[in-house]
Structures are given as C-alpha cells and as structure tokens.
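Input: a single structure, listed below in structure tokens.
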Protein chains: 2
Amino acid sequence: MAPSRRAPTADGTARRRVTATDVAREAGVSQATVSYVLNNTPGQTIPAHTRERVQDAVARLGYAPHGAARALRLGRSDVVLFLLPDWPIGPAVVTLVEGLTERLQAQGLSLLVRRAAEGVALSGLWRSVSPAAVVSLDALDGAELEAMEGAGIPVVSALVRPRASAPGVLTGSHTLIGATQLQHLAATGHRHIGYGLPDDPRVAVFRDLRLDGVRTAAFELGLAEPSVRVVPMSVGGAADVVAAWRAESPAVTAVCAYNDDMAFALLAGMRTLGLTAPTDLAVIGVDDTPLAPFAHPPLTTVRQDADAIMDFLTAAVLRRLAGGTPPRPPRSEAITLVVRESA
Amino acid sequence: MAPSRRAPTADGTARRRVTATDVAREAGVSQATVSYVLNNTPGQTIPAHTRERVQDAVARLGYAPHGAARALRLGRSDVVLFLLPDWPIGPAVVTLVEGLTERLQAQGLSLLVRRAAEGVALSGLWRSVSPAAVVSLDALDGAELEAMEGAGIPVVSALVRPRASAPGVLTGSHTLIGATQLQHLAATGHRHIGYGLPDDPRVAVFRDLRLDGVRTAAFELGLAEPSVRVVPMSVGGAADVVAAWRAESPAVTAVCAYNDDMAFALLAGMRTLGLTAPTDLAVIGVDDTPLAPFAHPPLTTVRQDADAIMDFLTAAVLRRLAGGTPPRPPRSEAITLVVRESA
DNA sequence: TTGTATGCGTTATCAA
DNA sequence: TTGATAACGCATACAA
C-alpha cells in the first residue's frame, strides 16, 4: 500500500505515476540511460542489448514521459496552440482545425485548440501551456505578440487584417473574395448590386474587408456604388431587405451575401415574396458550405481553398520551429468561384 | 548580453523568462513570499504593505507563472482536455465547445480541444498535458480510462453508446431522437416510413442508435418495419433514393433523415423530381441546424438541448474535481420536436 | 511574518 | 558506454 499524494479514484485505488526512474530500476540501468534510449540522444551510443532491456521495461511498466516535467526542462512542449477568436465558428474553421491537426500530428506535434470566450482575452494561456508554437486566426495584441516571440515561441497568424503584412502572417484575401463576388455579378450583366451585411459585430473585420473588395471592384468596373443593407438572419427580416432592394430605383438586381448562411436566408425570404433567384434577384454567397448545392436554387458562391491555407500554416510553423524564416504566403490564396444556379 | 538557451527571435532578441525569483528580487522579498501572495495561500497572513510591493513588481515585470512548473509541482494543470473523436464535426459539437469553454473558464479552467486525427488514438496525450480533467465525447478505451482514473484524472464522458451507463457518463438519447422523429410522422398520419442512413462509417454508432429508436417506436405503434436506405450526400444520389422509396409498394410517404444535412439533400433531390414536401414525401431531420428554417420548405426537425448537456458536463467535471461523485445525468436530455413545414 | 530548503520528473553535462 | 548530478520554476513544510 504505497502512500500517494494523489486523490483516490472512485474505486479507492491510487497509483503512483510511473517515472523514468522506475523504468531504470526495472531495467537495471541508470535513469539517464533510459532518457538516452527514449530520446535517441545524438552523440550517445547505446548497445542494442541495453536498448532492448530499457524498451522492454518501458512496455512492461507502461511508462510515458511526464509532459510537464519535459516542458519545464526543455522550455517547450510539443503542443501547438491554436487560438480561435470570439467569432462564430463555421465549417471553414472546422476544416482548418481538422487539417492542421492531421498535418501537425504527422510531425509529432499536438494541435490543441482554444476558443476565446466572449470578450475574455487569451493572453495568459501561452505562458501556462509553454507551446512549441502558436497559431492564431485573429490578430494578436502587439505587446502580447512581442512577449511570445520574445519568449522564443513562434507565432504564426492566419490573418485577415490588411495592415499586418509581417512575415509569418497570412494576410487574408477577403477583399479578393468580395471582388470575385462582384465581378461575377457584373459579368452576368448586373449593374445595380446590393451587399448584405451581417448582424454580428464580431465579424466586423471580414465584413469591412469583403465590402471593401466589392466596392473597389464596382468602382473599377464603372458600376454604381453598391447598396449596402444589414440582413437579419430570419426569413421575415431577410424578406424585408429583399423588398427594400427591389423597391430602390434603379432596382437592385443582384446581391452579394456576406456568406452562404446569409444567402440561404435571402433565398428563403425571396420565396415568401414569391420571388426566385436568379431571375428576380441574383444571389451569391461565400464559403461553399456543404449545404450550398442543396439550396433552392443551388447556391453560387466563392470558395477559399482550405488546403492552401493549411499547407501554408503548417509549413510556417515547421519552418519557424526549425529556426528558419516563414515561407511566403500564397499569392492569392486560391479563391475560386463556384457557379451553380442562384447567380 | 545575457546568454540564453532560447532560440533567438526574428529581431535577434532573446529574453529570459521572468520568474517568481525575479519578482522576489524586484520586490525585495523572498520567492516564497511571492508565491504566498500570488496564491493567497491559506494560513499565511501577509501584511498589505508587502502584498502591494509584490503585486507592483509582478505588474512591472509582467510576470506570469510558468504552467509547466506549476503542473509539475501540483501534479495537475488547470487545463481540461476535451477529446473530440474522429467524426465529422457539426454545429452541435461546435456549440458544445463554445459552451463548455465559457462555463469552465468561469471556474478558472481552460478548455483545450483535441481532435482525434483519422484513425490515430489520442491515448498518450493526457500523460503529457497533465490535465485537471478530461471530457470525452466518445467512449474511451477501457484500459486507457482506467489508467487515467488511476492517475487521479477524472474522466467525464458525454457518451452515446447504450451499454456504458457508468457514473459520470452521459448516455446519449439517440434512440429517443429516432423515436421522436417516427412518432411525429406517425402522428401526422404516415404508415409507411423510410429511414435515411448516412454514408459515413464514422457515425455508425449514432446511426444504429437512432435507427433503433425509429424501429422500436414503429413497432410500438404497430407500423411496418421502416424501409432503410443509404442516402448519398448529392442531389442526384438523394433523388434516386427518393424515387426508390416512392416506387415501393406500399409507397413510403415520409422519411426520417439521419440529420438535417441529409434532409437538405433529400429535399433538393425531391425538387429535381418535381416533388415537394410534405405532400409528396414528408421529411424530418435531426439537429435543428441554423439553416433549417431556411430550407424549402422549412425543415421540421428534432433538437437536443445543448444547454442541458453542457450544464451536466460542467457540473460533472467540477464535482469530480472537488472529489465528489458526478451528478446524475438528466433523465431525457431535453429532446424537442421543432415542427416547421417539411413534415 | 518571512525566509530556506526540498522535490516534482526530465534532460543534459560531465566524470568515470 | 554509463552513471551521478545539476538545473528548469514553482509550492510548501519547516525553521527563524
């Protein structure tokens, strides 16, 4: 009955943790040797015989290194922290998490995702997790970023804000997204175009960026300034906005929705008005949600190639970890227009 | 030029970490005192004067405790590990993550999410993170679970499999979901009912559980065995299945979709056939996706109350952390029928 | 009331 | 080739 600091479990047992010292004793070697074997320490030649004995003992005892101790000693863990902002999390972000998890896992790194809680900053977290690197979807506070880099933690940002074009920062192509939307509508003959603004203040960055792209493209094509309206995420609310657009003179004949979800709302609102896309009003979304092909009519949308982003992010993390400089972000981040029937 | 182990940052700087000892020196007290102040150590009375000096120094130096060192000393971190299985992650899981993050944050705990990569087990992770607790969406390997509990780490499972009704395990109400779907269809006069099976093998557990609920309910109501078909997630594929259901004799007049996404596919398939719900074929989903109200026609579906689940999970974690036994799971986990127009 | 000293489990330096 | 041993940064039992 070995005494223990740990809280007893439900069934009353309370095992002590298996340490490298236990393994050493079991294998009849010193604890240092265990470490050498387990880490393949360069410059240390271990005879096959010893190596085997150690590995047997490890297996027998079910030993696994203590991450905290390792992190304390090494100054970093094998965790990559993925900081998710306050925003609503859509399928695109989920895909990103899935892809990054797999890619980093292949490199022996564990992606741990932390979502920012409403309003609260994640500032302290990195100090307590000692991650090998941090990937952030949002812009980080300048001082915070400096502190992290100062502590030797590479920060890679998949960012979106136009200003920050620092190395290791993927400046999003949201303006390009907006431009692509508008260009498609213009190419299909529309002259008076609306822009549907989201209600949620948390996505203000994207909203502004995308709208900016739309505006600029409209200007370049010699079109009128787009008619901007906030679109509520309800059938009735969306219908009202649609009606308002159509009542303008000249009437709006096509709208860029902030994203596919909004496009769905718009389409639903139109139906209650007896209207159909694209004849009465063309609608184009952003994201290419899995549900987009099932919209009525099937949704025309703009997609951002997730693979390109994930590859860049992974490469950036790896390069920084190896002490190098981050790769250049992909030029235009593979924005593709997916033409279906709604526009 | 202080030497440092750390990799130099991009700009060549390489600061040493600020430790509690640094704070102590700055404040002119001992490191122990710093610790006392920062942790409000019970049984230690610190005069306001000293306390202030320490806190000033902390602020001035920007000190934050080193998580790894803390975890090593305490045996546990303030991280709660949320293990996400291999399955496709939908809006429901996202909501769960958001809710748990906030609730735990309010208790000073950080929820870190780890998605299982394709096929690879997450077995080792807990050993290296030293979490205060683990929340798992999936069933854990028995040995693994025992090891974690043995190490004093409470494991709370939001489970779904019927067998495991152990304490701290939330046995899902998937059969109830299926039953609710069928009961609604029966109540609206349908006698010959279809069940749409998902293609993805990863969701087999839910699939079987929900189908089981449908079957049982059908039996209890004296209806014929439901006609089960795999529904591909494409307009054409879904259309084929719809046609097949209608070609049966007696024809299927209503279907339970595995989830809302599938319901969208089915609805889209029907449209290509010139069919509309619920007249030609009633369709009911599961999840109440944000997009469900925007379906054509608006989707009737079954919703699982996320709040109840999150509350239970949070309570379970906290109770176990306090050394107590987990609360009893909510009896029926608040399944609600959301009637719109598709069924 | 505060300070000293110890150990948590590792890795890495050095001597054997 | 291997084995003592010293940090890593913190919390706490104990001494002052």
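In the text below, chain A, chain B and the rest are named by the order of the sequence lines, each starting its count at 1.
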Is there a side-chain contact between [X] and the phosphate of [N], meaning an N or O under 4.0 Å from OP1 or OP2?
X       : N      : value
B/Tyr36 : D/dA13 : no
A/Ser30 : D/dA4  : no
A/Thr19 : C/dG9  : no
B/Ser35 : D/dC10 : no
A/Thr45 : D/dT1  : yes
B/Arg73 : D/dT12 : no
B/Thr50 : C/dT2  : yes

Is A/Ala32 touching bases, backbone alone, or none of the nucleic acid, heavy atoms closer than 4.0 Å?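 Base contact.
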Notebook entry, point to check: How would you label the contact of B/Val29 with the nucleic acid (heavy atoms, under 4.0 Å): base, sugar-phosphate, or nothing?
Noted result: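 Touches sugar-phosphate only.
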Can you tell me the distance, in whole Å, between the [atom1] atom of [X] and the [atom2] atom of [N]?
X       : N      : atom1 : atom2 : answer
A/Asp22 : C/dC8  : CG    : P     : 11 Å
A/Asp78 : C/dT10 : CG    : P     : 14 Å
A/Gln44 : C/dA16 : CD    : C1'   : 13 Å
A/Tyr63 : C/dG9  : OH    : P     : 10 Å
B/Arg70 : D/dA11 : CZ    : P     : 5 Å
B/His49 : C/dT1  : NE2   : C1'   : 13 Å
B/Asn39 : D/dC10 : CG    : C1'   : 9 Å
A/His66 : D/dC8  : NE2   : C1'   : 14 Å

Looking only at C/dG9, D/dC10, D/dT12, the nucleotide nearest the A/Leu72 side chain is C/dG9
Closest of C/dT2, D/dC10, D/dT12 to the B/Leu74 side chain is D/dT12
If only atom types and distance count, is the side chain of A/Arg76 paired as donor or acceptor with the main-chain N or O of A/Gly152 below 3.5 Å?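 Yes, A/Arg76 side chain to A/Gly152 backbone: donor-acceptor pair under 3.5 Å.
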| message | Using a 3.5 Å distance criterion without hydrogens, assess whether the side chain of A/Arg115 forms a donor-acceptor pair with backbone atoms of A/Trp87. | response |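 Between the backbone of A/Trp87 and the side chain of A/Arg115 there is a qualifying donor-acceptor contact (under 3.5 Å).
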Considering only NZ, NE, NH1 and NH2 on the basic side and carboxylate oxygens on the acidic side, decide whether B/Asp22 and B/Arg25 come within less than 4.0 Å.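 So B/Asp22 pairs with B/Arg25 through a salt bridge.
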If the threshold is 4.0 Å, N to carboxylate O, is there a salt bridge linking A/Arg103 and A/Asp307?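 Answer for the salt bridge query: yes.
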Which of A/Leu100, A/Thr314, A/Leu96, A/Thr95 passes side-chain contact (heavy atoms from CB on, under 4.5 Å) with A/Ile309? Answer is A/Leu96
Contacts of A/Ile46 and B/Thr41 projected onto DNA chain D by closest heavy atom; the upstream (5') one is A/Ile46
5'-most contact on DNA chain D (nearest-nucleotide basis), A/Gly28 vs B/Pro65, goes to A/Gly28
Legend entry - Under 3.5 Å donor-acceptor pair, B/Gln31 side-chain atoms to D/dA11 base atoms: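 A donor-acceptor contact between them is present.
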Would B/Thr101 and B/Phe82 satisfy side chain to side chain contact (heavy atoms under 4.5 Å, CB included), going step by step from the backbone distance to the final call? CA-CA 10 Å; B/Thr101 299; B/Phe82 191 18; over 6 Å; no
